[in-house]
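See structure below.
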Amino acid sequence: MGYALLFLTILSWSFVGILVKTASLAVDSMTITFARFSLGIVFLGILLLWRDKKLRVHFNNKWIWIGMLGKSINYFTENIALSIGYSYGNILVGPIQTIILLLVSAFFLKEHVSKRGWAAAAICIAGVLVISWNGLPLGQMLSSNGLTTLLYVISAIGTTLHILSQKVLIQSMDSENMNFSIFFWCSLLLALPLPFQAHATGPFNVWSLGALVLLGLITGLSFNWYAKAMKHVSFSVLVIFGNSGVLFTIVWSYLFFRDPITVYIICGTFMFIGGLLLLNWPLKKAKLPQKTAKQVDAAKA
């Protein structure tokens with residue numbers, strides 16, 4: 001069951017890029033962001049009502065608000081970048097987020113970061129730069145890919161805030177109630193500019209509607225699938241499958257939108273996957289040879 005939930009989670013996350021791209025053909029980024037949160041809490045609310053027979057929105061904790069702000073920034077900037085760029089562009093969020101978390105750990109939380117951690121960060125940075133470069137001249141790269149890369153950096157900062165809030169909140173509430181509260185306040189925040197910002201970007205059709213509904217379903221349920229999978233799947237499998245999901249994203253972007261997948265994109269992707277694996281792969285503990293009784297006696301003698 002754990003493996004099925006993990007595969008379902010990774011597969012659903014890999015479709016986010018093409019779903020946002022499909023929805024952006026009909027509605028603007030603000031509307032997509034609001035729909036992801038509002039439909040997400042609908043699906044999550046149904047789950048909570050079925051399980052607990054009640055809904056509760058938490059608000060008396062600063063980390064709820066930090067998580068709300070971070071996740072809103074994450075989705076909004078990611079949706080803008082996906083709308084104006086390629087549908088595989090959000091693969092950059094993961095490695096950038098990892099780099100930010102390492103910097104926060106080292107310089108703000110004053111935690112020790114190993115040489116392996118810094119080496120992994122350097123490989124991730126190199127992979128992100130290769131993807132952003134994509135073989136273009138410097139001027140063309142800055143004009144075409146510079147804005148989307150900046151948006152993904154801001155998106156990664158947002159998701160880092162959300163992750164930090166989850167680490168704190170999970171100590172006092174389960175993931176379903178935590179996500180329901182955060183996404184509820186995200187929906188209200190994004191609803192404020194909606195009457196002034198929302199507009200059609202093209203004809204609305206069943207594909208756009210389906211994309212919005214699926215984005216809401218992924219937002220509402222995937223985080224809980226992942227949390228449950230973690231309880232039943234070994235850490236090494238979690239690391240491999242979790243980081244290889246970006247390969248699905250690239251495949252879908254080519255199959256559905258014919259986005260150009262160059263050798264730079266492939267090389268950069270494998271570089272930051274390698275960096276993430278290096279960072280997260282558990283260290284093997286050295287096995288010390290146990291002394292036999294004769295060796296102990298000999299040593300004493």
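In plain terms, the two heavy atoms of N90 and G17 that are nearest each other are ND2-N, 4.0 Å. Considering every non-hydrogen atom in both Y88 and P260, the closest pair reads OH-O, 3.5 Å. Minimum heavy-atom separation, A198 to D28: CA-OD1, 3.3 Å. Taking every heavy atom of both residues into account, P195 and L192 meet most closely at CD-O, 3.4 Å. Of all heavy-atom pairs spanning P193 and M30, the tightest one is CG-CE, 3.7 Å. Closest heavy-atom contact between G275 and A120: O-CB, 3.2 Å.
The number of heavy-atom neighbours closer than 6.0 Å to OH of Y86, taken from other residues, nucleotides and ligands shown, is 12 or below. For R56, the CZ atom sits in a loose shell: 12 or fewer heavy atoms of surrounding residues, nucleotides or ligands are nearer than 6.0 Å. Heavy atoms from other residues, nucleotides or ligands lying under 6.0 Å from CZ of F270 number 12 at most. With a 6.0 Å radius and a threshold of 12 heavy atoms from other residues, nucleotides or ligands, W207 has its CH2 atom at or below the threshold. Heavy atoms from other residues, nucleotides or ligands lying under 6.0 Å from NZ of K167 number 12 at most.
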- Task: Could you walk me through whether N177 and V57 pass side-chain contact (heavy atoms from CB on, under 4.5 Å), step by step?
- Result: CA-CA 8 Å; N177 280 288; V57 179; over 6 Å; no
- I66/W63 under side-chain contact (heavy atoms from CB on, under 4.5 Å): CA gap, chis, key distance, verdict: CA-CA 5 Å; I66 293 173; W63 286 101; 3.7 Å; yes
- Message: Walk me through whether L19 and V16 qualify under side-chain contact (heavy atoms from CB on, under 4.5 Å).
- Response: CA-CA 5 Å; L19 290 174; V16 166; 5.7 Å; no
- side-chain contact (heavy atoms from CB on, under 4.5 Å) between Y152 and L82, worked out: CA-CA 9 Å; Y152 286 126; L82 285 169; 3.3 Å; yes
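A distance of 10.0 Å separates CG of L214 from CG of L39, quoted to the nearest 0.5 Å. The distance from atom CD1 of I266 to atom CD1 of I261, rounded to the nearest 0.5 Å, is 7.5 Å. Rounded to the nearest 0.5 angstrom, Y254 OH and I265 CD1 are separated by 14.5 Å. Note that CH2 of W50 is 12.5 Å distant from CD1 of I46, once rounded to the nearest 0.5 Å. Once rounded to the nearest 0.5 Å, the distance linking CD1 of I125 with CH2 of W118 reads 9.0 Å. Residue M68 holds its CE atom at 13.5 Å from CZ of F59, rounded to the nearest 0.5 Å.
Note on I80: it does not cluster hydrophobically with L69, by side-chain heavy-atom contacts below 4.5 Å among ILVMFWY residues. Grouping the Ile, Leu, Val, Met, Phe, Trp and Tyr side chains by contacts below 4.5 angstrom, directly or via other members, places F196 apart from L194. In the hydrophobic clustering of this structure, V42 does not group with W225; members are Ile, Leu, Val, Met, Phe, Trp, Tyr whose side-chain heavy atoms approach within less than 4.5 Å, directly or through other members. Residue L150 is not grouped with residue I84 when hydrophobic side chains (ILVMFWY) are merged at heavy-atom distances under 4.5 angstrom, including chains of intermediate members. Using a 4.5 Å cut-off between side-chain heavy atoms of Ile, Leu, Val, Met, Phe, Trp and Tyr, with links allowed through other members, V246 and F7 fall into the same hydrophobic cluster.
A donor-acceptor distance shorter than 3.5 angstrom exists from the side chain of S181 to the backbone of H58, with no hydrogens or angles considered. Judged purely by atom type and a 3.5 angstrom limit, S208 has no side-chain atom pairing as donor or acceptor with the backbone of F204. Between the side chain of S105 and the backbone N or O of L101, at least one donor-acceptor pair lies under 3.5 Å. Not one N or O on the side chain of T159 forms a donor-acceptor pair closer than 3.5 Å with the backbone of A156. Counting only distance, with no hydrogens or angles, the side chain of K21 and the backbone of S83 share a donor-acceptor pair below 3.5 Å. Between the side chain of T219 and the main chain of L215, a donor-acceptor pair closer than 3.5 Å is present.
Between the side chains of N224 and S175, at least one donor N or O lies within less than 3.5 Å of an accepting N or O. Side-chain polar atoms of T149 and S132 form a donor-acceptor pair below 3.5 angstrom. Side chain to side chain, W13 and S222 meet the donor-acceptor criterion of an N or O pair below 3.5 Å.
Using the six-membered ring where Trp is involved, F183 and F223 have ring planes that are tilted, between 30° and 60° apart. Using a 30° and 60° split on the angle between ring planes, W252 and F256 fall in the perpendicular class, above 60°.
Counting heavy atoms from C-beta on, the side chains of F257 and T22 come closer than 4.5 Å. Annotation: side chain of I154 is not in contact with side chain of N74 (no heavy-atom distance under 4.5 Å). Counting only heavy atoms from C-beta outward, the side chains of N79 and S24 never approach each other to under 4.5 Å. Considering only heavy atoms from C-beta on, C124 stays 4.5 Å or farther from V128 through its side chain. Using a 4.5 Å heavy-atom cutoff, the side chains of Y226 and L5 are not in contact. Residues V213 and F43 are in side-chain contact: their nearest non-hydrogen atoms beyond the backbone lie under 4.5 Å apart. When side chains are defined from C-beta on, L161 does not count as touching Q166, because their heavy atoms never get closer than 4.5 Å. With a 4.5 Å cut-off on side-chain heavy atoms, L247 and I273 count as touching.
Looking at K228 and E176, a side-chain N of the basic residue comes within less than 4.0 Å of a carboxylate O on the acidic one, giving a salt bridge.
Under a cutoff of 6.0 Å and an axis angle of 45°, R36 and F34 do not form a cation-pi pair.
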